[in-house]
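Encoded as structure tokens, the structure appears first; notes follow it.
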2 protein chains.
Amino acid sequence: MINPKKLRDAGAILKNYKRGEVLFYEDAIARYYYQVDQGEIKMNNYNQEGKEYIQGIFAKGKSFGEPPLFADFTYPANAEAIIDSKVWQLPKDKFLKLLEENPEIHHKFTSTLALRLYYKAIMVSEISTQEPEHRILRILDYFKKNNTTDKTDSLSYKVELTRQQLADLTGLRVETVIRSIKKLEQKGELSIKNRKVYR
Amino acid sequence: MINPKKLRDAGAILKNYKRGEVLFYEDAIARYYYQVDQGEIKMNNYNQEGKEYIQGIFAKGKSFGEPPLFADFTYPANAEAIIDSKVWQLPKDKFLKLLEENPEIHHKFTSTLALRLYYKAIMVSEISTQEPEHRILRILDYFKKNNTTDKTDSLSYKVELTRQQLADLTGLRVETVIRSIKKLEQKGELSIKNRKVYR
DNA sequence: TTCATTTTATGATCTTAATCATAAAGTAAG
DNA sequence: CTTACTTTATGATTAAGATCATAAAATGAA
């Protein structure tokens, strides 16, 4: 996350997006650095049959869609508002200038990319070799880690993801997620209180 | 890739690894920046049943295993020499100092991470939503793009990967890869000359 | 507060890639 | 040159998750 004040000073503007609105499409050329101010943005792909894969969900303070700003390639996925959102938008050249003039921001930014690469490396391995329950737990733990400081395994973290979103994040079908979650509850790996998952 | 001369000046040493030798294991703490001087290194994961997933294959000039140097996490995968190799090894603190003192190297390095993130985003989406033939073509095109400047679709690029490696890169089984490749040949998407794949 | 949509749920059936079995060709090691 | 291992190959069977069908709750919009 870059300090919003710094962003504004560098020339960023705050844009509003309604639930369902698309910020950019897969294969488009990247022109801006984006950072969530309010709301939730997802990046996703659809295959020929319309099956969705969610690359990531970005909440307050998170940036997304930066990699294509650094090299000659287009967006690997779409970006869409999950709920009504406000997003900082900084033109590419101004963003690169900002990094250039602020080595500490550049370093922090590199760390962010590194962490995202780490997450992707784990997920691609999970999806290709692990069974549904294992994959789901990984996603839950990733969201828990990113949204709490709680390091216990007390099943106290409330998962704010629908079964469908979990399916789209893990490459599974919603029915499979529902059934797997039930099994995980029986095994004591998570708990379900009026339909909400706790991990 | 960082200029080998610069690496050596910064304090890097050149280490030898025999085919099959492991440079580091998953979950270990990262201590060095690595860059291939000669040979081939793969990064991979194994699941409980021993099924392998290959995160990437790194040839001459490519670096690997850098992300954990930037934040407080461990290696997401193992690194192993596919063939006898020589690898530059630079201690973490010296590597970070090198980036700090050379903004142009830092920027280039960020581009490398960005490109890798792009590749991972594509592969995770492919693996989770696409059928075998589609996945295999993606990997072939990725390797073609990274190893030639040839932009034609002349089926002139010789793929130096075994069927098993293709399987481990795509999360498929070797038999499935063999059968898919045959179908792709019939469709004219690739050609096979004495068992070697051309794309 | 009614209606439409989304989310969660469950059972039955199907399909695709995994698995299992076996072997020939190619390569490397001694 | 022989032996061991790796790679490619192919057919038969199986199993896991996808798909299909249906519906009750829950949520949200008008």
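Chain letters run A, B, ... following the sequence lines, proteins first and then strands; every chain starts at 1.
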Do B:F70 and B:Y32 share a hydrophobic cluster (ILVMFWY, side-chain heavy atoms under 4.5 Å, transitive)?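 Looking at the clustering, B:Y32 is in a separate group from B:F70.
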Extract from the structure each pairing of a protein N or O with an N or O of nucleotides 11-14 of chain D at less than 3.5 Å, listing the distance.
unit_1: D:dG11; atom_1: N7; unit_2: B:R179; atom_2: NH1; d: 3.1
unit_1: D:dG11; atom_1: O6; unit_2: B:R179; atom_2: NH2; d: 3.4

For the residue pair B:L140 and B:L184, establish whether any side-chain heavy-atom pair is separated by less than 4.5 Å.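 No; the side chains remain at least 4.5 Å from each other.
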Contacting residues from residues 191-199 of chain A, given that a heavy atom lies under 4.0 angstrom of DNA chain C: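 Heavy-atom cutoff 4.0 Å gives A:R195.
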Among residues 44-57 of chain B, which ones have heavy-atom contacts with DNA chain C below 4.0 Å?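 Here the set is empty: none.
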Please tell me if [X] has a side-chain N or O lying less than 4.0 Å from either OP1 or OP2 of [N].
| X | N | answer |
| --- | --- | --- |
| B:K182 | D:dT8 | no |
| B:R163 | D:dT8 | yes |
| A:T176 | D:dG17 | no |

Contacts under 3.5 Å, N or O only, protein and nucleotides 27-30 of chain D:
none

Quickly work out the A:I127 CD1 to C:dA17 C1' distance and round it to whole Å.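 The answer, rounded to whole Å, is 17 Å.
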Would you kindly give the CG-to-C1' distance between B:L166 and D:dA9, to the nearest whole Å?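 Computing the B:L166:CG to D:dA9:C1' distance gives 15 Å.
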Using five pairs at each end of the helix from C:dT1-D:dA30 to C:dG30-D:dC1 to define an axis, what is the angle between those two axes, to 10°?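 The end axes of the helix from C:dT1-D:dA30 to C:dG30-D:dC1 are about 60° apart, to the nearest 10°.
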State which residues pass salt bridge (charged side-chain N to carboxylate O under 4.0 Å, His left out) with A:E126; sequence neighbours excluded, sorted by chain then number.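 Result, salt bridge (charged side-chain N to carboxylate O under 4.0 Å, His left out) vs A:E126: A:R138.
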Can you tell me which nucleotide in C:dA17, D:dT7, D:dG17 comes closest to the side chain of A:E131?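 That would be D:dG17.
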